[in-house]
Amino acid sequence: MIKVLFVCMGNICRSPTAQGVFVRQVAQAGLEHLIDTDSAGTHDYHIGEPPDPRSQEAALRRGIDLSDQRARQVKHTDFAEFDYVLAMDEDNYAELRMQCPPQHKHKLRLFLDFAANTSAREVPDPYFGGARGFEHVLDLAEMAAQGLLADIRRRIGGRD
């Protein structure tokens, strides 16, 4: 089983959206028995809360239901448990690098490292912006999720 953790600051906008987008792509590929996902925040601002209503609404318009997700903070054990720990931006990536034991640092990446069709390096936080920001997060997540799924397929050698 390949395990993927998506990480943003509060775990209510970007990382739950990325998880939802990726889960849909994994299901469409018929690989849900090989890939497990979760999302978390580097900060404890929203522990136990569902994703931001604007994130949920934008995702639902694309057929992605985020309503069952609940925010949690990154735990020390996540670095050992997950094969991919994917930060949404440089600040959260830096925070993860400080927390991550040296033997697991190779698992840390920016989520957009997997996006082939953009020069963007970071998924911008839509929290203080308008509806378009949440749509942009979905667009970026869809691009990066495709690349991530391709990377995992190479890693597992086409097993399904």
> Donor-acceptor pair, Glu49 side chain versus Ala71 backbone, under 3.5 Å?
Replying inline: no

>> His136: which residues meet the ring pair (Phe, Tyr, Trp, His ring centres under 6.0 Å) condition with it, sequence neighbours left out?
In response: none

> Heavy atoms, side chains only, cut-off 4.5 Å: are Asp83 and Ile152 in contact?
Replying inline: no

> Going by atom types only, do Ser39 and Gln19 share a side-chain donor-acceptor pair under 3.5 Å?
Replying inline: yes

>> Going by side chain to side chain contact (heavy atoms under 4.5 Å, CB included), Val23 matches just one of Ile64, Leu66, Thr37, Asp65. Which one?
In response: Thr37

> Can you name the one residue among Arg72, Lys107, Lys3, Gln73 that meets side chain to side chain donor-acceptor pair (under 3.5 Å) with Asp78?
Replying inline: Arg72

> Out of curiosity, Glu122 CD to Asp91 CG, how far, rounded to the nearest 0.5 Å?
Replying inline: 6.5 Å

> Judged by atom type as modelled, is there a donor-acceptor pair below 3.5 Å linking the side chain of Arg70 to the main-chain atoms of Ser67?
Replying inline: yes

> Do Glu142 and Arg24 sit within salt-bridge range, that is, some charged N less than 4.0 Å from a carboxylate O?
Replying inline: yes

> Do you reckon Leu112 sits in the same ILVMFWY cluster as Leu108, going by side-chain contacts under 4.5 Å, direct or chained?
Replying inline: no

>> Test of understanding: with side chain to side chain contact (heavy atoms under 4.5 Å, CB included), list the residues that count as partners of Ala58, not counting sequence neighbours.
In response: Arg61, Phe134, Glu135, Leu138

> Between Tyr127 and Arg14, is there a cation-pi geometry (under 6.0 Å to ring centre, at most 45° from the normal)?
Replying inline: no

> What's the verdict on side-chain contact (heavy atoms from CB on, under 4.5 Å) for Ile156 and Ile35, showing C-alpha distance, side-chain angles and the deciding distance?
Replying inline: CA-CA 10 Å; Ile156 60 178; Ile35 302 170; 5.5 Å; no

> Going only through I, L, V, M, F, W and Y residues with side-chain contacts under 4.5 Å, is there a path from Met143 to Leu148?
Replying inline: yes

> Checking Gln69 side chain against Pro16 main chain: does a donor-acceptor pair fall under 3.5 Å?
Replying inline: yes

> Quick one: does Gln25's side chain have a donor or acceptor within less than 3.5 Å of a partner on Gln146's backbone?
Replying inline: yes

> Counting only heavy atoms not in His76, do more than 12 sit closer than 6.0 Å to its NE2 atom?
Replying inline: no

> Does Arg109 make a cation-pi contact with Phe114 (under 6.0 Å, within 45 degrees of the axis)?
Replying inline: yes

> Taking C-beta and beyond as the side chain, do Asp38 and Phe82 meet within less than 4.5 Å on heavy atoms?
Replying inline: yes

> Yes or no on salt bridge (charged side-chain N to carboxylate O under 4.0 Å, His left out) for Asp89 and Arg121, after CA distance, side-chain angles and deciding distance?
Replying inline: CA-CA 7 Å; Asp89 61 37; Arg121 297 262 311 135; over 6 Å; no

> Where do Leu149 and Phe22 come nearest, in terms of heavy atoms and distance?
Replying inline: N-CE1, 3.8 Å

